[in-house]
Amino acid sequence: MSKPIYVLNGPNLNLLGAREPEIYGRASLEDVRGLCERRAQAHGRTVVFRQSNAEGELIGWIQECRGEAAALIINPAAYGHTSIAILDALRALDMPIVECHLSNPAAREEFRRSSYVSLAATGVISGFGVASYELAVDAVCALAVDSRS
Ligand code: DHK
């Protein structure tokens with residue numbers, strides 16, 4: 001049995017669809033979950049999809065990836081710009097990590113232009129709205145090495 005792809009979402013993403021839709025779009029996080037599940041299924045994979053507003057809970061889930069996940073997609077939201085603790089947790093993983101953003105933080109306010117998570121990520125996908133997640137699933141499925149049977 002192949003291991004799942006973990007898709008972890010940080011603070012305020014529970015409000016996706018209702019929060020600043022001109023920036024983040026009108027799809028809900030449940031819509032994104034469905035997109036990720038369908039895309040992963042096309043690659044013969046499953047996903048574990050979670051969201052938390054709490055830094056410590058996200059760190060616990062990142063640690064859980066050790067031994068449980070084939071790869072990690074993380075939209076750290078604002079914690080990407082602030083959390084050395086999340087960076088350290090990611091550095092303890094030995095698997096593909098894709099940092100994913102709906103918007104393109106590099107084209108926004110100065111404080112969004114640096115990401116601690118990028119220091120540990122295999123790659124970053126930003127700016128394509130909910131399609132960023134689908135592209136991230138494609139990317140990690142191309143990189144994940146465990147058996148799919
Ligand atoms: C989501 C957030 O909540 C912001 O804090 C980031 C990211 C960008 C996104 O585009 O998905 O700066």
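Both counts, for ligands and for their atoms, begin at 1 and track the order of listing.
No donor-acceptor distance shorter than 3.5 angstrom exists from the side chain of Thr122 to the backbone of Val98, with no hydrogens or angles considered. Between the side chain of Asn53 and the main chain of Asn12, a donor-acceptor pair closer than 3.5 Å is present.
Closest to atom 9 (C) of ligand 1 among all protein heavy atoms lies Leu102 N, 3.4 Å. What sits closest to atom 10 (O) of ligand 1 on the protein, heavy atoms only, is Ser103 OG, 2.6 Å. For atom 7 (C) of ligand 1, the nearest non-hydrogen atom of the protein is His101 ND1, 3.5 Å. Residue, atom and distance of the protein heavy atom nearest to atom 2 (C) of ligand 1 are Tyr24 OH, 3.5 Å. The protein heavy-atom contact nearest to atom 12 (O) of ligand 1 is His81 NE2, 2.7 Å.
At a 3.5 angstrom cut-off on N or O pairs, Pro105 does not count as close to ligand 1.
Of the heavy atoms in Arg113, none comes closer than 4.0 Å to ligand 1. Of all the heavy atoms of Arg112, the ones lying under 4.0 Å from any atom of ligand 1 belong exclusively to the side chain. Proximity of Asn75 to ligand 1, defined as any heavy-atom pair under 4.0 Å, is confined to the side chain (atoms from C-beta onward).
Residue Glu109 places no heavy atom under 4.0 Å from ligand 1.
Residues Pro11 and Pro76 approach most closely at CD-O, 3.5 Å, considering heavy atoms.
Between Phe111 and His81, the ring planes lie perpendicular to each other; the angle is over 60°, past the 30° to 60° tilted range.
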